[in-house]
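Computed from heavy atoms alone, side chains included, the values below leave out hydrogens, waters and symmetry copies. Predicted, not measured: the structure shown is a model, and the values here were computed from it. The chains referred to below are lettered A, B, ... by the order of the sequence lines, with proteins before strands, and numbering in each begins at 1.
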Amino acid sequence: MESKQPNIPAKFLKPYDPKVTEEKIYKSWQESGFFNPDTCIEKGVTRADAPVFSIVQPPPNVTGTLHMGHALATTLEDIMTRYHRMRGFRTLWIPGTDHAAIATQSKVEGIIYKEEGKRRQDLGREELLKRVDAYAKQSHDIIVSQIKKLGASVDWSREAFTLDDKRNFAVRTAFKKMYDDGLIYRGYRIVNWDPKGQTTISDDEIVYKEGTGTFYTFKYSKDFPISIATTRPETKVGDTAVAVHPDDLRYKIFIGKEYDIDFAGAKIHIKIVGDTAVDPAFGTGAVGVTPAHSHVDWEIAERHKLPIVPVINEYARMSVDSPLLKDKKVAEARTAVIEWLKSQNLLEKEEQIPQNIATAERTGGVIEPLPKLQWFINVNKKIASHKNKTLKDLMRRAIGKDKNDVTIIPDRFEKVYTHWIENLRDWCISRQIWYGHRIPVWYKGDQIYCDIEPPKGADWTQDEDTLDTWFSSGLWTFSTLGWPEKTADLMTYHPTSVLETGYDIIFFWVARMILMSTYLLDEVPFKTVYLHGLIRNADGSKMSKSAGAIDPLSMCEKYGTDAVRMSLIVATGPGNDIKMSEDKIRAYKNFSNKLWNITRFVLTSAIGEIYDEKFVAFSPGDAKLVVEQDKLLKEINKEMEEFKYYLVAEKIYAYVWHEFADIILENSKDIFKNGNSADKKSRKQFLLHTLVRFLKILHPFVPFITEEIWSDMPEKNIADKKPLIIETWPI
RNA sequence: GCGCCCUUAGCUCAGUUGGUAGAGCGCUUCAUUUACACUGAAGAUGUCGCAGGUUCAAGUCCUGCAGGGCGCACCA
């Protein structure tokens with residue numbers, strides 16, 4: 001059928017259809033090469049000496065698919081990236097994925113067990129790794145396609161993976177340097193053991209679950225002078241001391257005395273010690289010290305040189321030499337000890353108290369503190385090459401008001417970060433899993449060898465363990481830029497401009513990146529940290545983990561990516577959680593359609609009018625509108641610089657719909673009908689000016705529809721036509 | 001125990017140096033082929049958690065309290 005308006009591309013006569021548009025547009029961006037700053041310089045889009053804007057994508061875990069949180073992060077990062085690219089910066093956004101060691105391995109182990117009934121030991125290291133790699137590859141491919149679907153203008157030519165060869169080299173290099181500086185050490189210390197995952201985990205990987213426990217008060221024996229209280233009677237066969245406050249008048253006279261006791265079928269030796277860590281008001285004011293199975297008790301034991309007696313093994317079963325308890329699971333052993341106490345008339349009191357259960361973040365297993373030989377990063381050692389500062393010092397100093405410091409948005413998280421550093425203990429980095437960066441240490445008899453490459457000669461055996469996944473994530477801002485090579489990328493793009501991520505990984509990741517970068521490169525990894533909130537369901541539960549989660553990709557299919565992006569950005573300030581609903585997404589689908597129809601109206605009205613960028617002969621009424629618009633754009637620019645995208649998106653939305661469409665366009669109908677020719681010309685130019693301007697400033701937020709409209713604006717109406725992605729930001 | 005955040009229209013949330021309240025969704029009435037029904041016009045709904053204080057003026061600043069949520073530590 002013939003179009004009634006021959007100068008208007010026919011597509012504007014039908015409603016906007018994101019489905020036929022988005023894939024095509026993304027492909028055209030990719031083929032243009034403008035995601036890559038080098039190409040932008042080569043093609044004269046960006047000046048070679050332009051200021052730099054760089055950002056690394058927080059690498060999604062290759063454990064599955066993207067959720068709404070990823071969609072929010074991707075949108076925010078893409079807004080920053082597109083804005084700076086249009087501003088003329090040398091703009092680089094590096095994509096990548098995270099191998100996520102424990103998370104991925106336990107996921108694949110779960111699948112294998114479910115489908116084949118086999119455990120990791122049944123398959124062996126080689127075979128399991130093959131399976132995990134295959135799964136990771138598949139997951140990676142899905143994630144990449146999803147990131148594209150979301151419109152991310154990332155430079156795919158620089159894509160990285162936390163476990164690829166280059167990143168592995170960076171990891172080995174970092175390990176070696178820290179080892180040589182004495183910051184990485186191997187030690188027999190109490191660690192958080194996850195019996196379910198059969199590995200250690202760091203303090204930050206513990207999730208505390210609220211519950212109630214029974215608090216038992218008892219004596220070890222009839223002759224023992226002091227009662228103690230515990231929620232874990234089964235560990236008491238590992239006690240080597242009773243600690244009391246040194247000033248506690250009730251117990252002072254017993255300090256220094258030692259007792260041999262038969263307890264629940266085991267022989268224990270108890271020394272009474274005085275220690276200020278004991279709270280005289282809690283329980284009986286006396287602590288049964290179990291150095292092998294409690295972090296606090298381990299520290300007491302260190303202070304008093306107490307022996308360490310492990311009584312629980314890696315399978316959470318009793319390893320103590322007592323016929324009553326040996327090989328029992330801890331829960332069974334607890335019952336057995338209570339029975340025994342009752343039979344001996346030693347149990348004095350039972351009461352229910354609230355108790356936090358420590359569980360492993362990834363497997364849900366109940367953590368069993370155990371002493372083990374593991375690798376640690378010493379956060380309190382003075383580093384000669386850093387003016388005798390410790391890693392804690394370096395991390396603390398990186399945040400602040402100084403020009404070279406890291407700024408966190410919102411700033412309240414600076415306090416959270418600082419507080420975390422105060423409580424930080426040595427970081428246990430070795431994991432007893434197979435998927436990950438293998439520790440670059442080799443053993444031969446009692447010799448130890450640590451280097452980037454394996455030792456020459458026979459009979460060296462590499463350490464079986466792998467590294468905490470956050471070790472490699474910590475290097476991410478510079479391992480992606482080629483470190484340890486002194487590459488042009490590293491020189492140009494580091495420190496990165498912004499790190500955009502969720503506030504829930506400020507310790508896991510943000511702090512570890514600051515640690516690694518300040519230590520290895522002597523500079524901060526990024527200048528600004530923008531922390532977004534967590535996406536929640538209507539009831540406030542975490543969307544990423546619940547069954548009824550809204551899937552971002554199916555929302556993109558249904559309403560268009562631009563609608564999903566707008567719904568995530570509007571009215572969601574940094575650090576605040578976001579309750580997501582499908583209604584909100586639908587509202588912004590309507591906005592896309594509005595924009596589409598505005599375009600139709602403007603192009604129809606301005607047929608034959610050539611867009612003149614420098615046009616100034618506006619009618620008094622239009623001149624006033626231009627002034628108002630300039631004022632709005634200046635506000636918007638300020639807010640873009642301040643990362644207030646939620647305000648900008650709302651303002652543009654309100655102006656485009658309720659000012660431009662509802663008032664200006666309506667009012668134009670009258671002008672085109674009754675106005676004189678100068679007024680008509682003025683209004684045509686004003687409409688074109690406004691459309692051009694708002695397509696540009698909307699582009700970072702809704703890149704697909706704006707680029708699509710732009711690509712089919714009649715050529716004669718737009719001077720110097722370039723793709724919108726590299727157009728110049730107005731004002 | 002230390003610290004943080006939230007509490008504004010039925011729902012989800014804005015409200016940037018203090019100047020007697022806004023958006024989206026929903027609701028009511030009207031318009032019926034209009035650039036757009038993925039629409040337009042008009043409208044209703046709020047002692048801005050509670051109690052004090054500072055100020056000419058407080059949703060906004062200060063103090064206390066209550067409810068909800070979160071982080072860290074403790075959890076013998």
Side-chain angles (χ1 to χ4, degrees), chain A residues 5 8 12-17 203-204 208 210-211 213 215-217 228-233 235-236 239 241-244 275 277-279 282-290 293-297 300 353-358 410 412-424 503-504 506-507 533-534 536 538 540-541 559-560 563 566-567 570-573 575-605 635 638-639 642 644 646-647 649-651 653-654 657-658 661-662 665-666 668-669 687:
Chain A
Q5 293 134 314
I8 306 305
F12 289 119
L13 300 178
K14 287 183 290 183
Y16 174 60
D17 182 3
D203 294 346
D204 298 285
Y208 290 98
E210 277 182 32
F215 195 46
Y216 302 95
T217 305
I228 59 161
T230 183
T231 54
R232 299 204 56 186
T235 65
K236 297 290 103 181
D239 284 13
V242 163
V244 298
D275 196 289
V278 179
D279 175 4
F282 190 87
T284 63
V287 181
V289 180
T290 323
H293 301 291
S294 154
H295 285 95
V296 178
D297 294 2
I300 294 175
I353 57 160
Q355 195 189 19
N356 283 339
I357 316 282
R412 62 186 146 93
F413 284 101
E414 293 184 1
K415 213 174 191 176
V416 175
Y417 170 90
T418 309
H419 186 239
W420 178 78
I421 294 173
E422 301 310 320
N423 290 310
L424 186 61
Y503 67 75
D504 55 332
I506 183 167
F507 307 136
L534 307 181
R536 297 179 181 279
S541 58
Y559 300 106
M566 275 299 267
S567 71
V570 171
T572 55
N576 293 336
D577 292 352
I578 301 152
K579 285 185 188 163
M580 200 57 210
S581 71
E582 197 168 332
D583 273 351
K584 205 172 165 184
I585 301 170
R586 193 180 300 119
Y588 292 101
K589 154 114 172 135
N590 297 353
F591 178 66
S592 292
N593 189 58
K594 195 74 184 173
L595 197 59
W596 193 252
N597 283 298
I598 285 171
T599 304
R600 184 199 304 182
F601 180 87
V602 172
L603 295 185
T604 309
S605 306
E635 275 175 40
K638 184 167 175 277
E639 286 162 353
E642 291 167 347
K644 292 179 179 168
Y646 59 110
L647 293 180
E650 203 182 4
K651 274 185 187 173
Y653 177 95
W657 198 315
H658 299 301
D662 288 350
L665 256 51
E666 288 305 321
S668 300
K669 292 172 187 171
L687 293 182

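For the P atoms, the distance linking B:rC48 with B:rU20 amounts to 15 Å, nearest Å. When the C1' atom is used for both B:rG52 and B:rU12, the distance is 32 Å, rounded to whole Å. Taking the P atoms as reference points, B:rG10 lies 11 Å from B:rU45, given to the whole Å. For the C1' atoms, the distance from B:rC61 to B:rU17 is 12 Å, rounded to whole Å. Between B:rC65 and B:rU28, the distance separating the two P atoms is 45 Å to the nearest Å. The same atom, C1', is picked in B:rA44 and in B:rU29; the two are 11 Å apart, to the nearest Å. Separating the P atom of B:rG46 from that of B:rU8 is a span of 15 Å, rounded to the nearest Å. Comparing the P positions of B:rU16 and B:rC6 gives an interatomic distance of 12 Å, to the nearest angstrom.
A:N576 has a side-chain polar atom (N or O) that falls below the 4.0 Å cut-off from OP1 or OP2 of B:rA14. Neither OP1 nor OP2 of B:rC5 sits under 4.0 Å from any side-chain N or O of A:Y503.
Contact of A:K594 with B:rC36 (side chain to base): a donor-acceptor pair of N or O atoms is detected under 3.5 Å.
Within 4.0 Å (heavy atoms only), A:T231 reaches sugar-phosphate atoms of the nucleic acid but no base atom. Residue-level contact check: A:D297 touches neither bases nor backbone, having no heavy atom under 4.0 Å from any strand. Within 4.0 Å (heavy atoms only), A:G288 reaches sugar-phosphate atoms of the nucleic acid but no base atom. Contact annotation for A:A661: base contact, defined as any heavy-atom pair under 4.0 Å involving a base atom. Within 4.0 Å of A:V296, counting heavy atoms only, lie sugar-phosphate atoms of the nucleic acid but no base atom. Counting non-hydrogen atoms under 4.0 angstrom, A:N423 reaches the backbone sugars and phosphates but no base. A:E666 comes within 4.0 angstrom of a base, heavy atoms only.
Using modelled atom types, one side-chain atom of A:D577 and one backbone atom of A:L534 make a donor-acceptor pair closer than 3.5 Å. Under the 3.5 Å distance criterion, the side-chain polar atoms of A:W596 are left unmatched by any main-chain donor or acceptor of A:D17. With hydrogens and angles disregarded, a donor-acceptor distance shorter than 3.5 Å links the side chain of A:S294 to the backbone of A:D297.
Mapping A:A243 and A:E639 onto RNA chain B by nearest heavy atom places A:E639 at the nucleotide closer to the 5' end.
Remark: A:S567 OG to A:Y559 OH distance equals 10.5 Å, nearest 0.5 Å. The OH atom of A:Y16 sits 15.0 Å away from atom CZ of A:R600, with the distance rounded to the nearest 0.5 Å.
In this structure, A:N597 places its CG atom 10 Å from P of B:rA35, rounding to the nearest Å. Rounded to whole Å, the distance from CZ on A:F413 to C1' on B:rG3 is 12 Å. The OH-P distance, from A:Y646 to B:rA14, rounds to 8 Å in whole Å.
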Starting at the 5' end of nucleotides 21-34 of chain B, put B wherever the base has a protein heavy atom under 4.0 Å, S where only the sugar-phosphate does, and a dash everywhere else.
-> ---SS---------
According to the Watson-Crick and G-U wobble definition with distances under 3.5 Å, which dot-bracket string, read 5' to 3', encodes RNA chain B, using [ ] for crossing pairs and | for pairs with another strand?
-> (((((((..((((........)))).(((((.......))))).....(((((.......))))))))))))....
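Using cut-offs of 30° and 60° for the angle between ring planes, the A:Y653 and A:W657 rings count as tilted.
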